[in-house]
Amino acid sequence: MLDIQFIRNNPELVKEKSKQKGYGVDIDQLLGFDGKRRELQLQVEDLRRRKNEISDATKGQRPSDEQVAQGREIKDQLGTLEHQLSSIEQEFVTLLKTVPNMPTEDVPVGVSENDNVIVREWGQKPQFDFEPKSHAVLGEERGWIDKERAAKVAGSRFAYLKGDLVLLEFALWQFALSQLTSQDVIRKIISNNNLQVSDKPFTPVIPPAVAKTEVYDATGRLNKEEQTYKLADDDLWLNASAEHTMAPMYMGEILNESDFPIRYVGYTTAFRREAGTYGKDSDGIMRLHQFNKLEMESFNLPEDSLNEHLFMIAIQEYLMQSLGLPYRVVMKCTADIGGPNARGVDIDVWLPSQNQYRETHTADYITDYQARRMQTRVRRGNGEVQLVHTNDATAFSERPLIAILENNQTADGHVRVPEVLRQFLSGKEVM
RNA sequence: GGAAAGGUGGCCGAGUGGUUGAAGGCGCUGCUCUCGAAAAGCAGUAUGUCGGAAACGGCAUCGAGGGUUCGAAUCCCUCCCUUUCCGCCA
């Protein structure tokens with residue numbers, strides 16, 4: 001949620017930036033609600049003050065008939081006004097929630113993902129002296145991916161992953177966790193990238209994979225039923241990323257400055273309905289209703305959050321480089337970063353079968369947009385209380401498996417295991 | 001799922017209808033003392049929101065929401081959560 005003060009002070013800017021993100025929010029109507037709400041609030045507070053005065057005046061004694069009569073009258077008036085106030089308040093908040101976060105100056109303005117800007121490319125795209133197979137074909141041939149039987153059990157867009165592919169996946173988690181919890185590795189990444197951030201390692205977390213409506217909504221990440229799975233008999237939604245259940249962890253809390261930055265790397269199974277993607281990426285495990293993901297989430301002091309965002313991108317690159325996968329870094333444009341984001345960067349990996357780069361990682365710079373609704377705050381050294389900044393970024397999802405299969409495939413249908421992962425596959429060089 | 005006890009400020013903890021936004025303690029901040037520190041003493045120390053240039057003032061907040069009352073942390077209802085016991089279970 002955006003700061004209403006900021007909107008009051010910069011209505012034209014908010015209109016323009018919202019439009020750049022493709023959000024048609026009626027700021028004038030919002031400010032109208034805001035004014036009306038404040039007007040009513042003054043009246044309500046005045047009545048309450050009078051009510052309190054009478055109640056103070058009676059102290060421990062029995063009130064006079066006159067005082068009781070006055071109190072009754074105020075109560076009636078208050079009832080009406082408070083009702084009006086709460087209904088305008090509701091309209092106000094509903095509209096306010098739809099105002100997106102403001103993109104930073106360096107976010108390219110665009111209308112679709114076609115306007116995203118490629119920042120850099122890394123690695124050598126593999127040259128094959130045979131026709132490379134898609135991960136879906138390889139996976140089926142080698143018995144690693146079985147979607148037909150999964151469809152029988154759970155419907156389309158689910159999969160059984162089996163055999164070495166499963167070991168490879170767990171290797172990915174093991175490897176990333178080993179790196180992110182190592183202060184030496186963290187220091188190396190910081191110094192190689194000349195970053196000004198804390199060298200505190202990440203704490204591994206397995207969060208709940210579900211969240212209540214109120215909590216999920218506060219993260220700004222709750223898409224309605226068409227995108228997020230809802231449990232029918234409970235007020236719970238299945239998380240679409242560990243970010244969604246880690247970000248609200250400190251909801252309603254005031255944290256100590258000395259605890260910052262708070263860095264977590266969380267693992268969950270993520271669930272997405274993927275409505276509106278019929279026919280898209282239906283091959284293999286590119287786009288499933290259920291997948292596993294290791295996600296970084298950090299809570300930062302406002303002045304540190306942008307550097308933390310850059311740090312997370314550096315980590316993502318480090319992880320991809322460690323696997324030797326060719327990738328590019330993409331600065332997402334205003335239309336593509338999403339409502340709560342002030343800035344968003346993707347890492348896309350090269351997929352030979354598609355002859356194109358595909359997204360494997362995202363890094364989100366959220367500023368205080370989530371924290372404002374979650375009311376996650378920090379008490380600074382000088383006693384001041386501020387909203388924290390949240391940052392999140394993918395460590396690994398299952399998509400890098402696709403890239404490993406495709407980029408590292410051999411003519412006989414085998415796959416070279418990236419060196420850093422071999423220790424987790426009994427030292428196997430090829431799977 | 002059943003039963004019981006609970007949910008009060010950064011933390012612990014008093015408080016069952018009216019000077020309680022909330023005793024007391026801890027923590028934190030400042031001052032005194034000291035060469036310095038500790039200890040001790042004194043003072044201060046919730047958040048949000050509205051008005052105000054500010055000083056300051058109003059209002060709200062004792063898990064959440066609703067109700068009773070002239071007046072609610074305190075009484076009633078619904079929900080959420082925690083702990084213990086039972087049941088079930090990886």
Side-chain angles (χ1 to χ4, degrees), chain A residues 1-9 30-97 206-218 222 230-237 245 248-260 262 267-269 299 301 368-388:
Chain A
M1 195 164 73
L2 212 57
D3 184 3
I4 184 62
Q5 302 271 22
F6 180 82
I7 301 174
R8 277 182 209 142
N9 297 337
L30 177 70
L31 292 174
F33 286 155
D34 182 43
K36 182 75 189 156
R37 152 182 162 266
R38 285 200 279 174
E39 200 179 289
L40 273 168
Q41 188 172 333
L42 279 177
Q43 296 175 35
V44 165
E45 287 181 0
D46 189 57
L47 277 173
R48 284 178 184 157
R49 182 180 51 75
R50 283 170 53 201
K51 181 184 85 170
N52 290 341
E53 277 167 6
I54 292 172
S55 134
D56 276 356
T58 60
K59 295 193 179 171
Q61 309 146 24
R62 193 158 293 155
S64 68
D65 289 350
E66 196 191 341
Q67 285 170 323
V68 171
Q70 275 180 354
R72 279 223 177 91
E73 195 192 320
I74 290 172
K75 193 159 80 167
D76 288 346
Q77 291 176 20
L78 257 182
T80 315
L81 280 176
E82 279 176 339
H83 186 77
Q84 289 176 25
L85 178 61
S86 82
S87 81
I88 190 94
E89 186 91 42
Q90 211 175 345
E91 285 185 285
F92 167 73
V93 171
T94 303
L95 194 54
L96 179 58
K97 287 198 285 196
I206 298 179
V210 296
K212 301 179 205 182
T213 302
E214 189 200 348
V215 175
Y216 211 144
D217 197 37
L222 183 60
K230 171 88 168 69
L231 299 187
D233 294 332
D234 299 278
D235 179 34
L236 291 171
W237 303 75
T245 41
M249 199 168 175
Y250 296 110
M251 202 166 160
E253 294 190 42
I254 299 175
L255 304 162
N256 289 321
E257 177 169 351
S258 58
D259 294 333
F260 281 73
I262 300 174
Y267 173 87
T268 60
T269 300
F299 301 86
L301 300 175
D368 60 9
Y369 191 87
Q370 284 181 324
R372 182 164 293 105
R373 277 188 59 203
M374 299 190 300
Q375 283 297 296
T376 300
R377 292 167 293 173
V378 54
R379 190 183 309 279
R380 304 304 300 258
N382 61 7
E384 197 189 330
V385 173
Q386 291 178 333
L387 292 168
V388 307

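None of the values given here were measured: they were computed from a predicted structure. Throughout, a chain's letter reflects where its sequence line sits, starting with A, and its residues are numbered from 1.
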Determine the interatomic distance between [atom1] on [N] and the same-named atom on [M]; round to the nearest Å.
N	M	atom1	answer
B/U8	B/A72	C1'	14 Å
B/U84	B/G10	C1'	28 Å
B/A55	B/A38	C1'	39 Å
B/U82	B/G63	P	16 Å
B/G71	B/U61	P	13 Å
B/G7	B/A73	C1'	12 Å
B/U68	B/C59	C1'	23 Å
B/A22	B/G44	P	13 Å

Please name the pair of heavy atoms, one in [X] and one in [Y], separated by the smallest distance, quoted to 0.1 Å.
X	Y	value
A/K51	A/L78	CD-CD1, 4.2 Å
A/T269	A/A209	O-CB, 4.4 Å
A/A211	A/Y216	CB-CD1, 3.9 Å

Atom-to-atom span, [atom1] of [X] to [atom2] of [N] - whole angstrom:
X	N	atom1	atom2	value
A/I4	B/C50	CD1	C1'	14 Å
A/E73	B/U69	CD	P	17 Å
A/E89	B/C59	CD	P	18 Å
A/Q43	B/C59	CD	C1'	14 Å
A/L387	B/U49	CG	P	9 Å
A/I206	B/A90	CD1	C1'	14 Å
A/D235	B/C81	CG	C1'	13 Å
A/I74	B/G58	CD1	P	16 Å

Does the structure show a Watson-Crick or G-U wobble partner for [N], both distances under 3.5 Å? Name it, or say none.
N	value
B/U74	none
B/G48	B/C59
B/C85	B/G2
B/U69	none
B/G41	B/C31
B/G36	none
B/G21	none
B/A90	none

Is there a donor-acceptor contact under 3.5 Å from the side chain of [X] to the main chain of [Y]?
X	Y	answer
A/N9	A/Q5	yes
A/T376	A/A371	no
A/R379	A/V385	no
A/N256	A/S258	no

Give a yes/no on whether any side-chain N or O of [X] is located under 4.0 angstrom from OP1 or OP2 of [N].
X	N	value
A/R49	B/G58	no
A/R72	B/G71	no
A/R377	B/G48	yes
A/R38	B/U49	no

Would you mind telling me which residue lines up with the more 5' stretch of RNA chain B, A/K51 or A/R379, judged by nearest nucleotide?
-> A/R379

Using heavy atoms to find the nearest nucleotide of RNA chain B for A/Q375 and A/K212 separately, return the residue whose nucleotide is more 5′.
-> A/Q375

Assess whether salt bridge (charged side-chain N to carboxylate O under 4.0 Å, His left out) is satisfied between A/D76 and A/R72, documenting all intermediate values.
-> CA-CA 6 Å; A/D76 288 346; A/R72 279 223 177 91; over 6 Å; no

Closest to the A/L42 side chain, choosing from B/G58, B/C50, B/U47 = B/C50

Output the single nucleotide from B/G58, B/C81, B/A60 whose closest atom is nearest the side chain of A/Q41.
-> B/G58

Tell me what [X] touches on the nucleic acid: a base, only sugar-phosphate, or nothing, going by heavy atoms under 4.0 Å.
X	value
A/R8	sugar-phosphate
A/K75	base
A/N52	sugar-phosphate
A/V44	nothing

